[in-house]
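One structure is given below, encoded as structure tokens.
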Protein chains: 2
Amino acid sequence: MAKRTTTRSTSRPPIGNALVGQSGGPTMVINQSLVGVILEAQKAKHIPKIFGARHGVAGILADDLVDLTRHGAVHLEKVAATPSAALGSVRKKPTREECLAMFDTFAKRDIRYLFYVGGNDSAETANIVLECAREIGHPIRVIHVPKTIDNDLRVTDHCPGYGSAAKFVAQAFMGDDLDNRALAGIKINVVMGRHAGFLTAAAALGRSRPDDGPHLIYVPEIAFDLKAFERDVKAMFKKHGRCVIAVSEGIADKRHVTIAEKLSKNAERDAHGNVQLSGTGALGDHLSSYVKSFMPKGTRVRADTFGYLQRSMVGVASERDQREARAVGVDAVKLAAKHESGTVVLVRAKGKGYRCTTDITALSKVAKHTKSMPRGYMNRAGNDVTQAFLDYAAPLVGKLPVVEHLRGF
Amino acid sequence: MAKRTTTRSTSRPPIGNALVGQSGGPTMVINQSLVGVILEAQKAKHIPKIFGARHGVAGILADDLVDLTRHGAVHLEKVAATPSAALGSVRKKPTREECLAMFDTFAKRDIRYLFYVGGNDSAETANIVLECAREIGHPIRVIHVPKTIDNDLRVTDHCPGYGSAAKFVAQAFMGDDLDNRALAGIKINVVMGRHAGFLTAAAALGRSRPDDGPHLIYVPEIAFDLKAFERDVKAMFKKHGRCVIAVSEGIADKRHVTIAEKLSKNAERDAHGNVQLSGTGALGDHLSSYVKSFMPKGTRVRADTFGYLQRSMVGVASERDQREARAVGVDAVKLAAKHESGTVVLVRAKGKGYRCTTDITALSKVAKHTKSMPRGYMNRAGNDVTQAFLDYAAPLVGKLPVVEHLRGF
């Protein structure tokens, strides 16, 4: 179990209203957490009213709230199954002054419980609010409810939202590998992840045959070397007559210069002194041009950038991810009754079979900073995942569609 | 019913082997057609053996065939449910000389039936083979089995493969619209389609509320005007505080210059005499820059290019599309027994409710040329679909996941 670093309250939970908000990039299951909070708070005798803040802290600052106290379960279950943030989200990181201003809303609405669903920036916001509360002696309890598709929150075993995004990426690579078998060539797919490679690594989860792609996987945690990449691609193409490649958008060289930026400079130099427009497709296009430069003329080279679909596509969510996202919302309310404040974390049981429970830890342990993928999840060459990663991630994604290759082919 | 322009054979079908191949860009359901051909040919007494050509005409030319005569139904059903072309595909358009060379393989393997699954280029290949056969007096029957995600084949009501790609696009826009609600801004999604707008138009199929996106839809059939686009975007942003836009990759101005090319030139002029690398993300990035140029500074503008996932993603196929793709494969074998040669088409029954049957028409009617989206499927302003399009396309996609907005929000 995660070490509890929050103070357990021995007395009965204080009576007061709850406020819930969503923050940061949405996920396919963040509404499960929202609905978990609402349904559990509706049951709690010490919480007379539940408010939702429109667009997170922006709504709190503007007192732009929705009363959720009487929203029915049938309606809420449908909301829970809907991707993206039903309350609206926000990228705003409030200043200390703004955090203090939120206490006007808290006072006006008698808010004693704040539930904030988001990533590490949202945990930081929650932490600043908590620090302000302590300074001014306000008794509000602040609970951060975790979500990210990047899976980069500290302490927790994994983040709700990751399993579904990982399922999208796995299914996308399964299909794209089949496509690449049909029309052989080199295919580069750029996956979300500026600093953490968990989502890109998930590209490997759908592999079932030894020659299934992706054949190469590159993550931001490992310095990307263009020469090594060239060797890798040539070797895989020689072996399979084709090559499917997964790269994180944030891959960078050993001096932490992103490859998108680096190749953009190369392109500038190599052609006619021209610079490339930055954009969503830039890394894929640059890598594609680079691969064309060293492969025999006529080799089919294509690139795709998966983009926002990874976090928003309807009909793809992982069932376990949905259940866990719900659980962290429900348990946030339960833990708020017992503890002062904190962030909900998932703790995976050791041993065979997958089992996860929730716990709570201090906001300061999760706020601001992020987690990288353990080095042991990638092979020595830094161009593919290890069994350790597959063991870690497969249960979060759950069952993938079965694909079958024609016998004798 | 489509007018039959093939010759109906009154005698018994000739006894001889069958050869099946897949060609062109794969779809999510092209293996349904393949398996339809195989299972039906396995049942046909006049077809002793069934061969599959690896990578279409390339496999025929190289006599690189797989014997499919004894492949079992359980295995084949799994193959059928797998996206992409299980036999491998090919982009090769054979010359007349190469077509003549195929008859060596036909003679060696006693091929009397050729089933070729593909789009209009594949129909053209089939047609050239047929013309060669007539010239040299070879009795082979050539049946083209339709597939495309672009839905641009002539005569047929719609193409197997389209419904599933359209479902992907619809679900992608449903999710992306929810994402855009949560973090408001302008979002451009580039959908496959160089000449036909059917797939881009499918972006509208998931809308359920009046303010659901996409709020603007642009297709290649209607001249794209940058000034009109600017007015459209500003108006929608004023109305909704956000704007989700669907554009076909092939949108072009009234002089048929693609917008990707046009904006690339503008970018060159506007900045420092620089040209942009062409690439998959180019149109999205260019449009995004263009939108930023006329919107207030700080407006969130993003672009995604859906890419190959539209035709290959696992787990997304439309059930009706799967059934119809199977049916055209099965019926290709049945029709080959009755008719000389031709292409299988889907005929939609007039009146209420959706019902489609198969028929056969001459290869020459489908080969080479493509179909555009009827003008009546787009509104007068040319920036959204009409009810006529929704009525046409919705049954092909089938039931979409239900999404729910939080009440009071």
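Keep in mind that what you see is a predicted model, and the values were worked out from it rather than measured.
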Where do B/His71 and A/Leu406 land on the side chain to side chain contact (heavy atoms under 4.5 Å, CB included) test, with the steps shown first?
CA-CA 9 Å; B/His71 278 52; A/Leu406 196 60; 4.0 Å; yes

Heavy-atom distance under 4.5 Å to chain A: side chain of [X], backbone, both or neither?
X: B/Val90; answer: backbone
X: B/Arg300; answer: side chain
X: B/Arg181; answer: backbone
X: B/Phe173; answer: neither

Decide if atom [atom1] of [X] counts as having more than 12 heavy atoms of other residues, nucleotides or ligands within a radius under 6.0 Å.
X: A/Arg209; atom1: CZ; result: yes
X: A/Lys292; atom1: NZ; result: yes
X: A/Glu319; atom1: CD; result: no

Pick from [options] with the largest number of heavy-atom pairs that fall under 4.5 Å of chain A:
options: B/Ser288, B/Gly56, B/Gly25, B/Gly88; answer: B/Gly88
options: B/Asp176, B/Leu87, B/Asn31, B/Val402; answer: B/Leu87
options: B/Gln22, B/Met174, B/His75; answer: B/His75

Rounded to the nearest 0.5 Å, what separates atom [atom1] in [X] from atom [atom2] in [Y]?
X: B/Lys187; Y: A/Tyr308; atom1: NZ; atom2: OH; value: 6.5 Å
X: A/Leu178; Y: B/Ser84; atom1: CG; atom2: OG; value: 5.5 Å
X: B/Asp67; Y: A/Arg407; atom1: CG; atom2: CZ; value: 11.5 Å
X: A/Met313; Y: B/Leu309; atom1: CE; atom2: CG; value: 8.5 Å
X: B/Phe306; Y: A/Asp304; atom1: CZ; atom2: CG; value: 11.5 Å

Are the side chains of B/Pro83 and A/Asp179 in contact, using a 4.5 Å heavy-atom criterion?
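No, every pair of side-chain atoms sits at 4.5 Å or beyond.
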
Would you say B/His405 and A/Thr82 make side-chain contact, with heavy atoms under 4.5 Å?
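No, their side chains stay 4.5 Å or more apart.
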
Shortest non-hydrogen contact from A/Leu183 to B/Pro26?
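Closest approach of A/Leu183 to B/Pro26: CD1-CD, 3.9 Å.
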
Give the intermediate values and the outcome of side chain to side chain contact (heavy atoms under 4.5 Å, CB included) for residues A/Val79 and B/Val403.
CA-CA 7 Å; A/Val79 173; B/Val403 297; over 6 Å; no

